[in-house]
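Below you'll find the structure, written out as structure tokens, and then a few comments.
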Amino acid sequence: QVQLVESGGGLVQAGGSLRLSCAASGRTFGRYAMGWFRQAPGKEREFVAAIRWSASITYYTDSVKGRFTISRDNAKNTVYLQMTSLKPEDTAVYYCAAGSSMGTTSSWYDYWGQGTQVTVSS
């Protein structure tokens, strides 16, 4: 079992930055691929970024490439999402997830956090 708790969300102006954190419980954190997803009001949850257990491979959805960076610190059981050049369309609840394999759809992930709100004002 893995429990995930996100933090770092908030209100920011367009062009600003935020860093989301996701703290995981459990001694096996280092074995899981981690992903970030987001869900805007009235829309389906969508993939944002993922990182392999060893951090050797990362993957991003096209809309955030060059602006967002996913990273992890297995010693701290934490995964991060550094977000820069934020846009109003980035406004959503952001969720972190853990799974046995790195994937771009929700079905790849077994454990989910409760989410943290990110609001980008224009």
Side-chain angles (χ1 to χ4, degrees):
Q1 288 282 344
V2 176
Q3 292 184 327
L4 305 172
V5 179
E6 302 96 336
S7 62
L11 174 64
V12 63
Q13 289 187 333
S17 300
L18 282 175
R19 188 177 80 156
L20 305 183
S21 300
C22 174
S25 65
R27 294 177 293 175
T28 58
F29 171 77
R31 299 179 185 177
Y32 288 95
M34 300 296 296
W36 284 97
F37 288 74
R38 65 187 180 187
Q39 187 166 18
K43 295 186 177 181
E44 293 188 353
R45 189 173 298 187
E46 66 171 353
F47 169 79
V48 176
I51 187 166
R52 195 180 178 191
W53 66 271
S54 65
S56 59
I57 298 176
T58 57
Y59 189 74
Y60 301 89
T61 193
D62 286 346
S63 63
V64 308
K65 284 181 181 177
R67 300 189 299 121
F68 291 12
T69 302
I70 188 171
S71 61
R72 67 190 296 164
D73 185 338
N74 289 343
K76 295 183 178 179
N77 280 14
T78 303
V79 62
Y80 305 96
L81 186 67
Q82 178 68 50
M83 305 185 295
T84 63
S85 301
L86 282 161
K87 305 174 181 180
E89 51 263 45
D90 294 319
T91 295
V93 177
Y94 284 71
Y95 300 89
C96 70
S100 57
S101 299
M102 191 174 78
T104 60
T105 60
S106 300
S107 61
W108 286 95
Y109 297 88
D110 302 308
Y111 305 101
W112 293 82
Q114 293 299 307
T116 185
Q117 176 71 47
V118 172
T119 303
V120 184
S121 62
S122 57

Is it the case that one hydrophobic cluster holds both [X] and [Y], taking links as side-chain heavy atoms less than 4.5 Å apart, direct or via other members?
X: Val79; Y: Val93; value: no
X: Trp108; Y: Met34; value: no
X: Tyr109; Y: Trp36; value: no
X: Leu81; Y: Trp112; value: no
X: Tyr95; Y: Ile51; value: no

Heavy-atom count around [X] [atom1] within 6.0 Å, excluding the residue itself: above 12?
X: Glu89; atom1: CD; answer: yes
X: Gln39; atom1: CD; answer: yes
X: Tyr59; atom1: OH; answer: no

Could you measure the distance from the [atom1] atom of [X] to the [atom2] atom of [Y]? Nearest 0.5 Å is fine.
X: Glu44; Y: Ser106; atom1: CD; atom2: OG; value: 9.0 Å
X: Glu6; Y: Cys96; atom1: CD; atom2: SG; value: 4.0 Å
X: Leu20; Y: Tyr94; atom1: CG; atom2: OH; value: 7.5 Å
X: Ser122; Y: Lys87; atom1: OG; atom2: NZ; value: 14.0 Å
X: Thr119; Y: Asp90; atom1: OG1; atom2: CG; value: 11.0 Å

Looking only at atom types and distance, does a side-chain atom of [X] sit under 3.5 Å from a main-chain N or O of [Y], one as donor and one as acceptor?
X: Gln82; Y: Arg19; value: no
X: Ser21; Y: Tyr80; value: no
X: Arg72; Y: Asn77; value: no
X: Asp110; Y: Gln1; value: no
X: Thr78; Y: Lys76; value: yes
X: Tyr60; Y: Ile70; value: yes

What verdict does the side chain to side chain contact (heavy atoms under 4.5 Å, CB included) test give for Leu86 and Phe68, after you've listed the backbone C-alpha separation in whole Å, the side-chain angles of each residue and the deciding distance to 0.1 Å? CA-CA 9 Å; Leu86 282 161; Phe68 291 12; 3.8 Å; yes
Report yes if some heavy atom in the side chain of Val118 is under 4.5 Å from a heavy atom in the side chain of Thr91; otherwise report no. no
Is there a side-chain contact between Tyr32 and Trp53 (heavy atoms, below 4.5 Å)? no
Ionic contact status for Lys65 with Asp62, cut-off 4.0 Å: yes
Grab the two heavy atoms, one from [X] and one from [Y], that are nearest each other, plus how far apart they are.
X: Ala24; Y: Leu4; answer: CB-CD2, 3.5 Å
X: Met102; Y: Ala50; answer: CG-CB, 3.4 Å
X: Ala14; Y: Pro88; answer: CB-CD, 4.1 Å

Which is it for Arg52 and Thr58 under the side chain to side chain contact (heavy atoms under 4.5 Å, CB included) test, yes or no, and what are the steps along the way? CA-CA 6 Å; Arg52 195 180 178 191; Thr58 57; over 6 Å; no
Show the numbers, then the answer: is there a side chain to side chain contact (heavy atoms under 4.5 Å, CB included) between Arg38 and Lys43? CA-CA 10 Å; Arg38 65 187 180 187; Lys43 295 186 177 181; over 6 Å; no
Please report the C-alpha distance between Gln13 and Val120 in whole Å, then the side-chain angles of each, then the deciding distance to 0.1 Å, and finally whether the side chain to side chain contact (heavy atoms under 4.5 Å, CB included) criterion is met. CA-CA 5 Å; Gln13 289 187 333; Val120 184; over 6 Å; no
